[in-house]
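One structure below.
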Number of protein chains: 2
Amino acid sequence: MATIYDVAKLAGVSPKTVSRVINGDAPVNSKTRETVELAIAELNYVPSKAARSMRSQRSGLIGLITGAISSTSAGEPAGLPDIHIVQGAQRVLADNGMTVLISDTGDKPERVSKLVQTLLEHRVEGLIYVAEFHQKLQLPILAKGFPLVLANCFDDLGTAAVLPDDKNGQYELTKGLIEKGHSRIGFLTVPESILARELRLDGYKQALNEYGIAYDPELVITAALSDDAHEFDLLWDSIDRLLNTPIKPTVICCANDKMAMRVYGLLRERGIRLPEQMSLTGYDNYRVICDHLHPTLTSAELPYEAIGARAAEKLLAMIKAGKQPIETSVDLVSGPVIWRESVTAEDSSVLQFKSTRRSEK
Amino acid sequence: MATIYDVAKLAGVSPKTVSRVINGDAPVNSKTRETVELAIAELNYVPSKAARSMRSQRSGLIGLITGAISSTSAGEPAGLPDIHIVQGAQRVLADNGMTVLISDTGDKPERVSKLVQTLLEHRVEGLIYVAEFHQKLQLPILAKGFPLVLANCFDDLGTAAVLPDDKNGQYELTKGLIEKGHSRIGFLTVPESILARELRLDGYKQALNEYGIAYDPELVITAALSDDAHEFDLLWDSIDRLLNTPIKPTVICCANDKMAMRVYGLLRERGIRLPEQMSLTGYDNYRVICDHLHPTLTSAELPYEAIGARAAEKLLAMIKAGKQPIETSVDLVSGPVIWRESVTAEDSSVLQFKSTRRSEK
DNA sequence: CGGTGTCATGACATCGATGTCATGACATCG
DNA sequence: CGATGTCATGACATCGATGTCATGACACCG
């Protein structure tokens, strides 16, 4: 590969002059510039970042650690694939002239510190750690003050983090359902081990509360996440319980789109027409599922792309601030609810009836 | 960040000795080694790849260009997300001590040459280009002899490439169906613009042929790919045509899992029970869909992870060969058929079981 | 005409690691 | 005892780019 010396030789100038042409940081005679540019083209010269970053002490690299790239093979979490977070981060970073170095844990958390080491060898200017689902964790400690942003996760040490606003998502979803005339709203949640559970439940309750609808614990059922047959039976039972409550729900909120996809099949097997006899919602806005299920599935978006983008922006700000410590913070990112065919809107008469009833209370 | 000089100073030795300790490439007195190792730990020293690769002329970096990372937002292709190809490549490369630099076209193909430039600045030792679906394309030309592997695509110039064996996948799928007793096999294909169409059709025909089943063009219907409402009507029509053939098919092969997901809904809307009254297959083995549809969906795997891995192996071999030109080639990678609940086996015992149960009602 | 300023360019050192060669301390051998 | 070999270590140059400083050519001014 050609070097700046080769170019200089061919153009009959000093390497420094070539450098000036490339960087445009000092005046160069236009005739000289032309000769140099010709030589560059002739030799297919591309400057070496390694040499540059040695002088400048800036690599232009950002390290991104994720399990995303291997996660789909193993026990996959229920949500959207976190690759969308990588997507968002990569876009923002590329727009700012940074190149992204990815490394993947391969689902072996103990590898993280070795990956970090490799990234530091490349002198990344900052790190983003992407978790597969909203969780709390503890990374091996880096040098103090090294720019690090956690995406989709957070820790105890006050490290900068960007998280999905799960409470708000379920709140907006529930609120929308109520405004469309639903008041018996079934809720299939995930197990307690999942952080999002409580947050979403809070959003659900808040919406009910604002509209004066009493919270009925019978309508909230914990459904399992995992994919094996046993859990599948449990989901079946959960639905039975919902359908057998004194006043049947008119809509079921599923903890995520995958669960909703199963519920489509289960409900139809017992002859229930969708959405006429039962409305359904998911969570994640997993496009492949939501757009292609029939009827298409209403879902609250898990704003992964935006989380990635925000994490990147935060990181860039931290890098820019340099030594001056920016106060780190935890950002919540909200996503919209995407209304699709799986939810019926009851007609105005019903709404009227309902509001009447409410005022009767 | 600490340098080798800092370590040397702290340990009271020369930088070269530190280098020897790090690389273990020459004998060092065990006492000296200990002192040096202590100093390294003390200073959190991490050697700089930039400096190393300047001397060694090896960056340890592989460039990976993809549209994957932005593809889901725009007009998404029908298949599996190509991120799985990245997955496979990253795994193999990491196992070989290489770090992956990703860059994304952001769905703007004209950006490719700029991305290549950036990757070359980082002195990547090779490049993998990942396409979103099986296609022919033309990359901007690199320096001749620069290690490059195309994944999920190929060109006219005989560049090394790794492709899915679409013909074999559909062949195995069709063969399996025949062996399970199906002989009227509907086939919803993708438009002619898609390369996989002809390949898969060939596989379908070959299987029929081997079992002496006549090819009936009426059973093969071109269904659209895109997601808008109009195309959706067309899919409906396609299914009608299939159901109205003189002898109805007992199974419908869909061009991909997403299409199959829609067909589930469409068939059920007209009261057809799955899989009892109609078997279904997809293509891609898009796990989120196949595992979670009810009944679970039989599908031929689009072996993206393996394609990525193979591409990486090919690239590493090319790099290792160096100047000696390895003969480039196009590899086909086959994936298995994953048999799930959506296909009934029509052998006598099953038929008997069914009729028994039905008569019990 | 000499002093001063501007423009275009080059010589040289430097970033951090490591290959090459040299050196000094010992051990071993004839 | 002197020659030779081995071991442990260091001095120095080098990879490719660029910051610093110097230099030569020329214009302009008093």
Side-chain angles (χ1 to χ4, degrees), chain A residues 1-37 39-40 43-61 97 99 117-125 143, chain B residues 1-37 39-40 43-61 97 99 117-125 143:
Chain A
M1 180 127 303
T3 75
I4 202 168
Y5 295 94
D6 303 326
V7 176
K9 203 157 142 192
L10 181 60
V13 299
S14 77
K16 181 70 221 197
T17 298
V18 177
S19 169
R20 284 191 261 257
V21 170
I22 298 167
N23 297 290
D25 56 352
V28 174
N29 183 290
S30 64
K31 187 130 189 178
T32 315
R33 160 173 292 116
E34 222 170 280
T35 323
V36 170
E37 274 163 356
I40 289 177
L43 295 173
N44 274 321
Y45 167 72
V46 179
S48 152
K49 280 254 193 226
R52 269 191 179 160
S53 68
M54 240 176 98
R55 281 248 36 164
S56 67
Q57 303 291 57
R58 297 201 47 223
S59 64
L61 294 171
T99 307
Q117 161 97 8
T118 304
L119 294 175
L120 289 179
E121 286 186 5
H122 285 284
R123 294 295 186 267
V124 293
E125 297 179 38
Chain B
M1 180 128 302
T3 75
I4 202 168
Y5 295 94
D6 302 327
V7 176
K9 203 157 140 194
L10 182 60
V13 300
S14 76
K16 182 69 219 197
T17 299
V18 177
S19 169
R20 285 192 260 257
V21 170
I22 298 167
N23 297 290
D25 55 352
V28 174
N29 182 290
S30 65
K31 188 133 189 178
T32 314
R33 159 172 292 114
E34 221 170 281
T35 324
V36 171
E37 275 163 354
I40 289 177
L43 295 173
N44 273 321
Y45 167 72
V46 179
S48 152
K49 281 256 191 220
R52 267 191 180 160
S53 68
M54 240 175 96
R55 280 248 37 165
S56 66
Q57 304 290 58
R58 298 200 49 222
S59 65
L61 295 172
T99 307
Q117 161 96 10
T118 304
L119 295 175
L120 288 179
E121 286 186 6
H122 285 285
R123 294 292 187 270
V124 293
E125 297 180 39

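A note on names: the letters A, B, ... follow the listed sequences, proteins ahead of strands, and every chain is numbered from 1. When reading the values below, keep in mind they use all heavy atoms of this one structure, side chains included, and skip hydrogens, waters and symmetry mates.
Checking dT18(C), dG16(C), dA8(D) against every side-chain atom of Thr32(B), the shortest atom distance belongs to dA8(D). Ranking dA11(C), dG16(D), dT18(C) by closeness to the Ser19(B) side chain, first place goes to dT18(C).
Inter-residue side-chain proximity for Thr3(A) and Ser48(A) is flagged as unmet; no heavy-atom pair is nearer than 4.5 Å. The side-chain heavy atoms of Arg123(A) and Val46(B), taken from C-beta on, include a pair separated by under 4.5 Å. Ser59(B) has its side chain out of reach of His122(B): every pair of non-hydrogen atoms, C-beta onward, lies at least 4.5 Å apart.
In this structure, CG on Leu61(B) lies 12.0 Å from NZ on Lys49(A), to the nearest 0.5 angstrom.
Distance NZ (Lys16(A)) to P (dT14(C)): 15 Å, rounded to an integer number of Å. Here the P atom of nucleotide dA8(C) and the CD atom of Glu34(A) are 15 Å apart, to the nearest Å. Nucleotide dA11(C) holds its C1' atom 11 Å from the CZ atom of Arg20(A), rounded to whole Å. At whole-Å resolution of the value, CD1 in Ile40(A) and P in dA17(D) are 10 Å apart. When the C1' atom of dT18(C) is taken as reference, atom CZ of Arg58(B) falls 15 Å away, rounded to whole Å. With rounding to whole Å, Met1(A) atom CE is found 15 Å from dC15(D) atom C1'. One can place NZ of Lys9(A) at 13 Å from P of dG16(D), the figure rounded to the nearest angstrom. Nucleotide dT18(D) holds its P atom 10 Å from the OH atom of Tyr5(A), rounded to whole Å.
For Asn29(B), no side-chain nitrogen or oxygen approaches OP1 or OP2 of dC7(D) to under 4.0 Å.
In this structure, Arg55(B) contributes its side chain and Arg52(B) its backbone to no donor-acceptor pair below 3.5 Å.
At the heavy-atom level, Val13(B) lies under 4.0 Å from the strands shown only through sugar-phosphate atoms. Counting non-hydrogen atoms under 4.0 angstrom, Val28(B) reaches the backbone sugars and phosphates but no base.
Of all heavy-atom pairs between Ser53(B) and Ala50(A), the closest is OG-CB, 3.7 Å. Taking all atoms of both residues into account, the shortest heavy-atom contact from Ile22(B) to Tyr45(B) is CD1-CE2, 3.5 Å.
Using a 4.0 Å cut-off on heavy atoms, the residues of residues 46-57 of chain A that approach DNA chain C are Met54(A), Arg55(A), Gln57(A), listed by number.
Of the residues near DNA chain D, Arg33(B) and Tyr45(A), the one whose nearest nucleotide (by heavy atom distance) lies more toward the 5' end is Arg33(B).
When both distances must be under 3.5 Å, the Watson-Crick or G-U wobble mate of dC26(C) is dG5(D).
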